[in-house]
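What follows is a short report on a single structure.
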2 protein chains.
Amino acid sequence: MSMHSIPRVISVAVVEDDREVRQALQLTLAARDGFRCASTFSSCEDALKQLPEEPPDVVLMDINLPGMDGIAGVKALKELLPGTDFLMLTVREEEDTVFRALSAGASGYILKHASPEAILEAITEVYEGGSAMTPVIARLVVRSFQPKAAHDLSDRELEVLAKLCDGENYRSIAEALFISTNTVKAHIKSVYLKLHVHTRAEAVRKALRDRLV
Amino acid sequence: MSMHSIPRVISVAVVEDDREVRQALQLTLAARDGFRCASTFSSCEDALKQLPEEPPDVVLMDINLPGMDGIAGVKALKELLPGTDFLMLTVREEEDTVFRALSAGASGYILKHASPEAILEAITEVYEGGSAMTPVIARLVVRSFQPKAAHDLSDRELEVLAKLCDGENYRSIAEALFISTNTVKAHIKSVYLKLHVHTRAEAVRKALRDRLV
DNA sequence: GCGCAAATCACCCAAATGGGTACTAGACGC
DNA sequence: GCGTCTAGTACCCATTTGGGTGATTTGCGC
């Protein structure tokens, strides 16, 4: 925030294979004070070659691209341009794609046919250290924080499972809960039964993924 | 979306201990077509008693409340009103609080001193199945999807770690990678060393938490 | 009061795990 | 060419884990 308190121009690069869309974005950026379209590319491969020479502040990245797609592109470019933020431009709001893009290092995820105003606002938000996304995508993301299912584990079982996730062994769990190791075993067996797993590792993964702990 | 295609009034409840703020919200809602302030409460305890009788569409929930705080309030109310969405109202954008609120079941997280327009827009977005949050909070959330640190595991080690997370044992990992179980052990030992863990469970937790896989 | 589930404990045993040590072959940098 | 790194291999051994079986107590619902 304070970093950007002196008004300056946000330099933006565009990676988009559709020539029409690419030029429309370029024009939108050129027409507006405070923005500069530093470069445009029709493929990630081109962007990878040229962008490192003059890193922009923000990259608008299409997802569906011939050759290397936008997600792989972000992953590769982010390595070379750690200070640059990436804003995904897409036509559909698919759960799987959203999460893969965010995991790859995208800072935002907006729709291609949003208004120029909305796109410029998203660029500004990202540049200022925030993140931009549609409400629908935000809900997908928010939902991923919420418990997935009720696995009807008893309170005691949840307690044991939590310690299992901490990497504690039978003996230390037993000591912490003031019960015998045999009882710990019994609870763990019950947990495995209810979660349909057979090993510690699977139980830990399920507990973390489904946010049971 | 189609569910709400017939224009109707969104009924909103407010839980906020500050009388001024509470009344301001009430007035904002009353003054606008399409919104209705169904009820207001100064504590979660009160809301828990009365809300189940007539569930609103959206609840605006303050976080800092005397007695039961807004996060515990959401968790409790969400059980009773599964169809209702909760929008947290807060003054600060603290990472820990944000994640706890979302885990508790909140659908959005906005600033108390946002404009009436922005608050009404957030309510609408949440009502329509989306989610509302400030760009700063969105970035916190997005960041949680990205790898936390470079633990300099080799490619092979990452491969082994991934299978470890799947709950596979030495033998099946060895078979999958066409190497001996001894080599698998060697890789795993190296992984444990680099991640500073000593057991499978800890390794799985670290891998999932830090998004190494 | 009966039944049932949860929580507690016990014993056996095969398999898996984690730690220690030691060696070889290829790749890469300098 | 020498050192270092990663990958791959091997063996030993104590500890841990997971599965099977069975038992007691407590509390809750009907």
Side-chain angles (χ1 to χ4, degrees), chain A residues 52 75-76 79-80 147 149-213, chain B residues 76 79-80 147 149-213:
Chain A
K75 200 174 288 189
E79 296 266 305
L80 303 172
H151 286 280
D152 65 292
L153 296 180
S154 72
D155 291 347
R156 202 53 159 173
E157 285 161 356
L158 278 176
E159 225 170 337
V160 171
L161 180 56
K163 301 215 171 289
L164 221 48
C165 292
D166 289 343
E168 296 191 31
N169 61 18
Y170 292 180
R171 187 157 30 78
S172 67
I173 296 176
E175 282 166 13
L177 300 181
F178 305 106
I179 55 181
S180 78
T181 56
N182 287 310
T183 304
V184 173
K185 279 189 64 169
H187 286 309
I188 290 177
K189 266 188 275 201
S190 175
V191 168
Y192 287 0
L193 201 66
K194 290 182 182 176
L195 298 187
H196 307 296
V197 299
H198 304 281
T199 68
R200 234 188 152 83
E202 289 176 289
V204 170
R205 186 178 59 160
K206 194 147 203 145
L208 293 180
R209 287 253 168 95
D210 294 357
R211 310 213 171 241
L212 304 177
V213 287
Chain B
E79 296 266 306
L80 303 172
H151 286 282
D152 64 291
L153 297 180
S154 72
D155 290 347
R156 202 52 159 171
E157 285 162 356
L158 278 176
E159 225 169 337
V160 171
L161 180 55
K163 301 217 171 289
L164 221 49
C165 292
D166 289 342
E168 296 191 32
N169 61 18
Y170 292 179
R171 188 158 29 80
S172 67
I173 295 175
E175 281 167 15
L177 300 182
F178 305 106
I179 55 181
S180 78
T181 56
N182 288 310
T183 305
V184 173
K185 280 189 64 171
H187 286 308
I188 290 177
K189 267 188 275 201
S190 172
V191 168
Y192 287 1
L193 200 66
K194 290 181 182 175
L195 298 186
H196 307 294
V197 300
H198 304 280
T199 68
R200 231 187 155 85
E202 288 176 289
V204 170
R205 185 177 59 159
K206 193 146 204 145
L208 293 179
R209 287 253 166 95
D210 294 357
R211 313 218 168 235
L212 303 179
V213 288

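To find a chain, count down the sequence lines: A is the first, B the second, and so on, and within it residues start at 1. Computation of the quantities below employed the complete heavy-atom set of this structure, encompassing side-chain atoms and omitting hydrogens, waters and symmetry-equivalent molecules.
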For A/I188 and D/dG20, what is the distance between atoms CD1 and C1' respectively, to the nearest whole Å? 16 Å

Give a yes/no on whether any side-chain N or O of A/S180 is located under 4.0 angstrom from OP1 or OP2 of C/dT8. no

How long is the line joining CD of B/E202 and C1' of D/dT16, in whole Å? 14 Å

In this structure, how many angstroms lie between the C1' atom of D/dA7 and the CG atom of B/D155, rounded? 12 Å

Mapping B/S190 and A/Y192 to their closest nucleotides on DNA chain D, which lands nearer the 5' end? B/S190

May I have the distance from A/I173 (atom CD1) to C/dT8 (atom P), rounded to whole angstrom? 13 Å

Quick check: on DNA chain D, is the nucleotide nearest B/K189 upstream (toward 5') of the one nearest B/K194, or the reverse? Name the residue that is more 5'. B/K194

Whole angstrom is fine here: how far is it from CD in A/E157 over to C1' in C/dA7? 9 Å

Of the candidates C/dC9, D/dC11, D/dG18, the side chain of B/K185 sits closest to D/dC11

Do B/L177 and B/V160 have side chains that get closer than 4.5 Å, going by heavy atoms? yes

Is the phosphate of C/dT17, meaning OP1 or OP2, less than 4.0 Å from a side-chain N or O of B/Y170? no

Under a 4.0 Å threshold between the charged nitrogen and the carboxylate oxygen, would A/R156 count as salt-bridged to A/E159? yes

Might you confirm whether atom NZ of A/K75 has over 12 heavy atoms from other residues, nucleotides or ligands at distances under 6.0 Å? no

How would you label the contact of B/N169 with the nucleic acid (heavy atoms, under 4.0 Å): base, sugar-phosphate, or nothing? sugar-phosphate

Does a nitrogen or oxygen in the side chain of B/T183 sit under 4.0 Å from OP1 or OP2 of D/dT9? yes

Could you tell me how far apart A/R200 (CZ) and C/dG18 (C1') are, to the nearest whole angstrom? 13 Å

Rounded to whole Å, please give me the gap between CG in B/L193 and P in D/dA7. 14 Å

Nucleotide of C/dT8, D/dA7, D/dT9 approaching B/H187 most closely (side-chain heavy atoms): D/dA7

Check this one for me: any side-chain N or O of A/T199 less than 4.0 Å away from OP1 or OP2 of C/dA16? no

Counting only heavy atoms not in A/R171 (residues, nucleotides, ligands), do more than 12 fall under 6.0 Å from its CZ? no

Using the side-chain heavy atoms of A/R156, tell me which of these nucleotides is nearest: D/dA7, D/dC11, C/dA7. C/dA7

OP1 or OP2 of D/dT9 versus the side-chain N and O atoms of B/N182: is any pair under 4.0 Å? no

Could you check how far CG of B/L158 sits from P of D/dT6, rounded to whole Å? 13 Å

Determine whether B/L161 and B/H187 make a side-chain contact, defined as any pair of heavy atoms from C-beta on separated by less than 4.5 Å. no

Looking at the side chain of A/H198, which of D/dT6, D/dG19, C/dA7 is the nearest nucleotide? D/dG19

